[in-house]
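Index from 1, following the sequence.
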Amino acid sequence: MTEFWLISAPGEKTCQQTWDKIMTATTRTNNLSTNNKFNIPDLKVGTLDVLVGLSDELAKLDAFVESVVKKVAQYMADVLEDSRDKVQENLLANGVDLVTYVTRFQWDMAKYPIKQSLKNISEIVSKQVSQIDNDLKARASAYNNLKGNLQNLERKNAGSLLTRSLADIVKKENFVLDSEYLITMLVVVPKTNYADWQHTYETLSEMVVPRSTNLLFEDQDSGLFTVTLFRKAIDDFRLKARENKFTVRDFQYNEEEMKADKEEMTRLSTDKKKQFGPLVRWLKVNFSEAFIAWIHIKALRVFVESPNKKNMKKLREVLNDLYKHLDSSAAAIIDQSAMDIPGLNLSQQEYYPYVYYKIDCNLLDFK
């Protein structure tokens, strides 16, 4: 159960009678939905002009806050990586799951004082959620850069012998170092060509040191061999090796560079771990704040319903039958996909003869 319909129906003599009427029509008779009361305090209504002006503003604010709620939820999933199955349990509002929060909604008087005008309350929400959105962009950018740099280094240390870093494979003793005349080169040989390599490497060019080859490492397809030769023969050896499907890697043994790479990997990994905990905590806190703000926007005039998807069409028909007398034009346009009433901003939206808003708590988009 993740989808809720918030509807506001006109009162009978008492609100309780309205509630009983809806319950009878939607739940007791045909079990179309599970209904909950959605308690709204007495808000400052203001003038009609203010209400009409606020209608469009609140619709835009509603869409903006929903987008921020979804962004925070999705980024939580991205940050948790391998623990995506645990994402939902981290997406709480006021310390409870979203369904509980919505079905037991209580207006937060401290955050959104009801003595303030509706416009002021909407501005409080707008400012609060805009700050969350800006903070999320900054924090996500910093963490993504760190994560990207670490992944680039990790990629360098994985993959094919033709492209991967060799720093964690080779050792100082594999090389002839500090020689004016000799150099040790690293050659990638396909496994199917091992025999050819052993038979030909000494004669690929002049000045190759006999019996100087050693196998240092193998991956699924190839092996990494050393070979020592005179420096003046490098270009000729490289050319002849390529003609025989042997690949000479551009590599110079430099202990300081390799040490620096390992230290950088350790530093990035440590920094990522340090940032992970505080970032997840920030996401949890600010998801809660954004979600609570979103529901308060919805909570201007509503009863909540959480319909069974199989019964949505029937539930909609029952509600329309119940309240179609409120708008004589509603019956003719209920099934139309778009309508245009000046000032009501209902183009390309669902239209019903009662106030209706939808809350979908399924906020994650797992690819």
Side-chain angles (χ1 to χ4, degrees), residues 1-9 18-19 22-23 26-27 32-41 43 54-74 76-77 87-108 111-112 118 121-122 124-126 128-129 132-133 283-284 286-313 315-316 318-320 323 345-346 348-366:
M1 182 177 66
T2 61
E3 183 172 302
F4 298 89
W5 295 1
L6 306 185
I7 74 162
S8 175
T18 306
W19 171 256
I22 290 179
M23 288 294 287
T26 64
T27 303
L32 292 173
S33 60
T34 301
N35 302 344
N36 298 86
K37 289 183 179 179
F38 195 80
N39 297 308
I40 311 294
L43 299 168
L54 267 177
S55 179
D56 283 350
E57 289 177 29
L58 287 172
K60 291 173 187 172
L61 184 57
D62 189 349
F64 169 65
V65 177
E66 180 180 3
S67 73
V68 173
V69 169
K70 288 183 174 178
K71 274 195 278 187
V72 176
Q74 195 61 48
M76 172 83 81
V87 174
Q88 205 67 51
E89 64 192 53
N90 282 298
L91 299 180
L92 305 176
N94 246 4
V96 299
D97 65 85
L98 306 187
V99 170
T100 301
Y101 180 79
V102 172
T103 55
R104 298 181 186 175
F105 175 76
Q106 293 291 323
W107 187 273
D108 191 325
K111 280 197 182 99
Y112 313 110
L118 292 179
I121 292 173
S122 71
I124 291 170
V125 171
S126 178
Q128 175 195 14
V129 177
I132 291 173
D133 191 38
L283 288 167
K284 286 174 71 171
N286 286 276
F287 172 82
S288 176
E289 293 295 308
F291 187 85
I292 288 168
W294 184 38
I295 303 305
H296 277 75
I297 293 171
K298 299 284 191 186
L300 294 177
R301 53 236 194 280
V302 284
F303 281 105
V304 78
E305 289 199 356
S306 49
N308 181 324
K309 278 200 171 182
K310 293 178 183 176
N311 296 321
M312 280 186 183
K313 187 178 179 189
L315 175 58
R316 193 65 80 188
V318 168
L319 290 171
N320 287 335
Y323 298 114
N345 192 30
L346 292 171
Q348 298 181 338
Q349 294 182 18
E350 297 160 306
Y351 178 69
Y352 307 102
Y354 48 87
V355 175
Y356 156 79
Y357 293 98
K358 183 173 84 171
I359 298 175
D360 190 349
C361 293
N362 185 23
L363 301 166
L364 296 172
D365 177 23
F366 288 123

So, do I292 and F287 sit near enough that their side-chain heavy atoms are less than 4.5 Å apart?
-> no

Roughly how far, to the nearest 0.5 Å, is the NZ atom of K71 from the CE atom of M76?
-> 16.0 Å

How about W294 and V129: do any of their side-chain heavy atoms sit closer than 4.5 Å?
-> no

Taking it one step at a time, do V125 and L61 satisfy side-chain contact (heavy atoms from CB on, under 4.5 Å)?
-> CA-CA 8 Å; V125 171; L61 184 57; 4.2 Å; yes

Taking the side chain as C-beta and beyond, is there a heavy-atom pair between E3 and I359 under 4.5 Å?
-> no

May I have the step-by-step check of side-chain contact (heavy atoms from CB on, under 4.5 Å) for Y323 and I22, ending in yes or no?
-> CA-CA 10 Å; Y323 298 114; I22 290 179; 3.2 Å; yes

Determine yes or no for a side-chain-to-main-chain donor-acceptor pair under 3.5 angstrom, with T100 supplying the side chain and V96 the backbone.
-> no

Rounded distance (nearest 0.5 Å) linking atom NZ of K70 with atom CD of E66 = 4.0 Å

Donor-acceptor side-chain pairing of S288 and N94 below 3.5 angstrom | no

What are the two closest heavy atoms between C361 and V102, and how far apart are they?
-> SG-CG2, 4.4 Å

Closest approach of V87 and A73, non-hydrogen atoms and distance?
-> CG1-O, 4.3 Å

D97 side, atom CG; Y101 side, atom OH - distance, nearest 0.5 Å = 12.5 Å

For D62, what residues pass the salt bridge (charged side-chain N to carboxylate O under 4.0 Å, His left out) criterion, not counting sequence neighbours?
-> K298

One should read off an interatomic distance between N286 CG and I132 CD1, to the nearest 0.5 angstrom, of 4.5 Å

Beyond-backbone contact of L92 with L98, side-chain heavy atoms, under 4.5 angstrom | no

Can you find a pair of side-chain heavy atoms, one from W19 and one from N35, that are under 4.5 Å apart?
-> yes

Below 4.5 Å, heavy atoms only, C-beta onward: do T27 and S33 meet side chain to side chain?
-> yes

Pairwise side-chain contact, D133 with F64, heavy-atom cut-off 4.5 Å (strictly under) | yes

Nearest 0.5 Å please: distance from the CG atom of L118 over to the CD1 atom of I297.
-> 12.0 Å

Answer yes or no: is there a side-chain heavy-atom contact under 4.5 Å between W107 and N39?
-> no

Sequence neighbours left out, what passes salt bridge (charged side-chain N to carboxylate O under 4.0 Å, His left out) with K111? Give chain and number order.
-> D108, E289

Any sub-3.5 Å donor-acceptor pair from S126's side-chain atoms to S122's backbone N or O?
-> no

Hits for ring pair (Phe, Tyr, Trp, His ring centres under 6.0 Å) against Y112, two or more places apart or cross-chain, chain-then-number order -> H296

